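Just below is one structure, and these are the notes that go with it.
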Amino acid sequence: MMQKDYIEDLSKHVGQEVTLRGWLYNKRSSGKIQFLILRDGTGLCQCVVMKNAVDAEMYALASSLAQESTVAITGKVQEAKGKAPGDVELFVSKIEAISTATDYPITPKEHGVEYLMEHRHLWLRSSRPWATMRVRDTIIHAIRDFFHNRGFLCFDAPILTPNAAEGTSTLFETEYFDEGMAYLSQSGQLYGEAGAMAFGKVYVFGPTFRAERSKTKRHLNEFWMVEPEVAFLDLEGDMELAEDFVHEVIGRVLKEREAELAILDDGTGTLKARCEKVLKPFMRMHYDEAAKILDKYWDEKLASGEELPPTFKRFEYGDDFGAYDEVALTSLYDQPVIVHHYPASVKAFYMKRDPNEPDKALAMDVLFPEFGEIIGGSVREDSLDVLLKRLEEHNLPQSIFEWYLDLRRYGSVPHAGFGLGLERLVMWVCGLEHIREAIPFPRTLTRIWP
RNA sequence: UCCUGAGUAGCUCAGUUGGUUAGAGCAUCUGACUGUUAAUCAGAGGGUCGUAGGUUCAAGUCCUACCUCAGGAGCCA
């Protein structure tokens with residue numbers, strides 16, 4: 001048996017007889033006519049079964065099929081403008097049952113998130129997760145194409161590592177033979193730097209693990225991150241790279257997944273419109289400028305007497321931006337904002353400081369409208385002596401970073417890169433309420449099943 | 001780790017100031033209907049009200065503890 005005809009190609013076969021194989025998504029019947037909505041992974045197709053067009057046995061078979069039963073359906077493709085998904089339908093001549101399903105847990109009515117997550121392996125068949133995963137696929141391809149087309153080498157970093165990259169977050173640990181503890185990678189960046197010194201331009205793209213007890217709609221404990229790293233790149237170049245990158249990836253989604261975006265926004269067109277506003281150049285601002293805007297913003301908010309969330313904390317100069325600050329700042333614009341020159345004190349040890357503003361790091365974040373951080377990047381410290389000092393300040397042991405320090409001992413160059421959280425981008429593009437819907441099987445504080 | 005809220009049918013929820021036999025929609029089963037589109041209509045089955053204890057003549061409802069989950073903060077992508 002060979003799968004030959006797919007629903008997504010059906011409009012090219014109007015007037016022809018085809019056989020579709022798939023799952024029964026939904027069914028409506030009206031006495032002498034039945035509408036079987038078939039799902040084959042590429043889309044949905046309305047299959048019309050007329051009582052006088054098939055024999056009685058086949059008609060009875062059609063009416064006995066329950067949701068998610070699998071069938072092979074043969075029929076003639078006909079136009080059905082406005083009456084069926086994709087504006088074509090199948091006029092059925094033959095139905096073959098492949099397997100029967102009973103009591104499928106996900107009904108066409110609404111369900112709670114917890115219930116759906118408990119059935120995530122089945123939920124993925126429903127239209128919203130389906131559309132989301134197709135957008136995710138396009139984003140992944142676009143990411144790889146973007147870097148490949150610019151001469152970047154795909155450079156895989158190890159997942160099991162001997163040390164904490166930034167020494168800040170909590171890591172998952174596991175025993176590693178006789179070598180002591182190993183940790184699941186929380187970033188491939190340090191390895192990416194080694195790659196950049198060997199190949200000039202590289203990108204690391206792989207799973208990342210954080211053992212933080214995060215409990216927000218923007219955090220996963222396992223997620224995918226893409227981290228380009230480029231030798232001889234400065235902050236300006238890093239921002240340009242991030243901007244080109246985001247612009248091109250979103251452009252691909254607009255080109256290839258318009259139908260999926262329409263499923264996700266119920267045909268309102270809001271997701272498409274929002275993506276179309278992501279135009280170069282992005283708004284750019286120095287941390288000091290962003291801080292001034294936030295000061296004014298919160299002053300006005302507080303003066304207005306508007307009620308603020310109980311966990312709200314007023315931003316003060318020198319702080320990193322909190323969730324409320326990022327949303328507030330980006331809500332003033334309708335395209336991404338790049339904030340650069342953050343206070344060095346709130347940033348990682350490997351970030352280079354600006355010689356003209358020694359208290360500021362050559363770091364930048366790309367913040368998305370009414371969402372927050374999707375990209376974080378920086379110029380890396382390239383001086384051995386300064387790096388040794390930073391390790392000491394951050395109470396990090398020099399011994400496990402010796403290989404990293406070698407990159408400064410042997411041919412150190414200015415270099416920079418950034419990290420983009422794949423699921424955060426998927427979440428923003430798809431307009432998802434929660435990041436757990438942006439990955440097939442999310443791993444969160446309370447979920448490791450299925 | 002901190003703050004807030006919620007657990008009632010397979011699912012989503014309603015349930016009055018404590019008062020007789022616990023309610024609806026969907027799903028399932030039976031029947032009706034030749035163009036439906038979360039199809040509709042008629043009928044049927046389906047419950048240890050998160051767990052344990054307490055107050056009371058009487059607890060889904062009030063009290064205490066625990067469990068589970070959700071939402072927010074921090075951490076960050």
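Lettering of chains follows the sequences in order, A, B, ..., and the numbering in each one begins at 1. The shown structure was predicted, so the numbers you read here are calculated from the model rather than taken from an experiment. Quick note: numbers below take in every heavy atom, side chains included, and nothing from hydrogens, waters or symmetry partners.
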Legend entry - Side chain proximity check, A:Gln335 to A:Phe282, heavy atoms < 4.5 angstrom: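 Side-chain contact under 4.5 Å: yes.
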Does any non-hydrogen side-chain atom of A:Phe35 lie less than 4.5 Å from one of A:Ile33?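 They are in contact (side-chain heavy atoms under 4.5 Å apart), so the answer is yes.
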A:Phe209 and A:Leu171 have their tightest heavy-atom pair at O-CD2, 4.3 Å
Shorter than 3.5 Å, N or O on both sides, protein versus nucleotides 72-74 of chain B: list them out with atom names.
unit_1, atom_1, unit_2, atom_2, d
B:rG72, OP1, A:Lys217, NZ, 2.8
B:rG72, O2', A:Thr311, OG1, 2.8
B:rG72, O2', A:Tyr324, OH, 3.1
B:rA73, O4', A:Thr311, OG1, 3.3
B:rG74, OP1, A:Ala323, N, 3.2
B:rG74, O6, A:Lys215, N, 2.7
B:rG74, N1, A:Arg213, O, 3.3

* To do: Could you pull out all residues at least two apart from A:Asp9 that satisfy salt bridge (Lys or Arg N to Asp or Glu O under 4.0 Å)?
  =>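 Partners of A:Asp9 by the salt bridge (Lys or Arg N to Asp or Glu O under 4.0 Å) criterion, ordered by chain and then number, come out as A:Lys12.
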**Prompt:** Salt bridge or not for A:Asp365 and A:Lys347, using N-O below 4.0 Å?
**Reply:**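 Yes, this pair counts.
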Nearest-nucleotide comparison on RNA chain B, the residue closer to the 5′ end among A:Arg447 and A:Asn221: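 Closer to the 5' end of RNA chain B: A:Arg447.
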Classify the ring geometry of A:Phe418 against A:Phe245: parallel below 30°, tilted from 30° to 60°, perpendicular beyond 60°.
tilted
For this session: For the residue pair A:Tyr287 and A:Tyr342, categorise the inter-ring angle as parallel (less than 30°), tilted (30 to 60°) or perpendicular (more than 60°).
Result: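 Ring orientation of A:Tyr287 relative to A:Tyr342: tilted.
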In residues 137-144 of chain A, what donor-acceptor pairs under 3.5 Å come from side-chain atoms, sequence neighbours left out?
unit_1, atom_1, unit_2, atom_2, d
A:Thr138, OG1, A:Arg134, O, 3.4
A:Thr138, OG1, A:Arg257, NE, 2.9
A:Arg144, NH1, A:Tyr203, OH, 3.3

field: Option passing side chain to side chain donor-acceptor pair (under 3.5 Å) with A:His415 (candidates A:Glu193, A:Arg380, A:Lys352, A:Lys201)
entry: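 One option only clears the test, and that one is A:Glu193.
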Heavy atoms only, 4.0 Å cut-off, all strands: where does [X] land among base, sugar-phosphate and nothing?
X: A:Leu420; value: nothing
X: A:Ile106; value: nothing
X: A:Glu118; value: nothing

When the [atom1] atoms of [M] and [N] are compared, how many Å lie between them, rounded to an integer?
N: B:rA22; M: B:rG46; atom1: P; result: 13 Å
N: B:rC63; M: B:rG18; atom1: C1'; result: 13 Å
N: B:rU48; M: B:rU28; atom1: C1'; result: 23 Å

Applied to residues 418-442 of chain A, the salt bridge (Lys or Arg N to Asp or Glu O under 4.0 Å) test, sequence neighbours excluded, yields A:Arg136-A:Glu423, A:Lys217-A:Glu433
Residues 85-103 of chain A vs salt bridge (Lys or Arg N to Asp or Glu O under 4.0 Å), sequence neighbours excluded, gives A:Lys81-A:Asp87, A:Lys94-A:Glu96
With a cut-off of 3.5 Å and sequence neighbours excluded, list every side-chain donor-acceptor pair involving residues 111-121 of chain A.
unit_1, atom_1, unit_2, atom_2, d
A:His111, NE2, A:Thr107, N, 3.0
A:His111, NE2, A:Thr107, O, 3.2
A:His111, NE2, A:Thr107, OG1, 3.2
A:His111, NE2, A:Lys109, O, 3.4
A:Tyr115, OH, A:Pro105, O, 2.9
A:Glu118, OE1, A:Arg447, NH1, 3.4
A:Glu118, OE1, A:Arg447, NH2, 2.8
A:His119, ND1, A:Tyr115, O, 2.8
A:Arg120, NE, A:Pro440, O, 2.6
A:Arg120, NH2, A:Ile439, O, 2.9

Next item on the list: Using the test side chain to side chain donor-acceptor pair (under 3.5 Å), find all partners of A:Trp130 that sit at least two apart in sequence or belong to another chain.
Entry: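 Side chain to side chain donor-acceptor pair (under 3.5 Å) check on A:Trp130 returns nothing, list empty.
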Problem - Base-paired stems that RNA chain B participates in, counting runs of 3 or more Watson-Crick or G-U pairs under 3.5 Å - result: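 Only these stems qualify: B:1-7 with B:67-73, B:10-13 with B:23-26, B:28-32 with B:40-44, B:50-54 with B:62-66.
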Looking only at B:rC11, B:rC76, B:rU28, the nucleotide nearest the A:Arg210 side chain is B:rC76
For RNA chain B, what residues of residues 41-51 of chain A have any heavy atom nearer than 4.0 Å?
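Hits under 4.0 Å, by residue number: A:Gln46, A:Met50.
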Per the under-4.0 Å heavy-atom filter, residues of residues 24-36 of chain A near RNA chain B come out as A:Asn26, A:Arg28, A:Ser29, A:Ser30, A:Gly31, A:Lys32, A:Ile33, A:Phe35
- Check each of A:Thr19, A:Leu90, A:Asp40, A:Val49 against A:Ile73 using the side chain to side chain contact (heavy atoms under 4.5 Å, CB included) test, and report the only one that passes.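 Exactly one pass, corresponding to A:Leu90.
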Atom pairs under 3.5 Å: protein N/O with N/O of nucleotides 42-47 of chain B:
none

Rounded to the nearest 0.5 Å, the CD1 atom of A:Ile7 sits from the CZ atom of A:Arg39 at a distance of 9.0 Å
Residues pairing under side chain to side chain donor-acceptor pair (under 3.5 Å) where one sits in residues 311-325 of chain A, two or more places apart or in two chains, turn out to be A:Asp288-A:Tyr317, A:Asp295-A:Arg314, A:Trp298-A:Asp325, A:Asp299-A:Arg314, A:Thr311-A:Tyr324, A:Tyr317-A:Lys360
Point to revise | Any A:Arg128 side-chain N or O less than 4.0 Å from OP1/OP2 of B:rA38 | key: no
Under 4.0 Å: is that the gap between some side-chain N or O of A:Thr102 and OP1 or OP2 of B:rU28? no
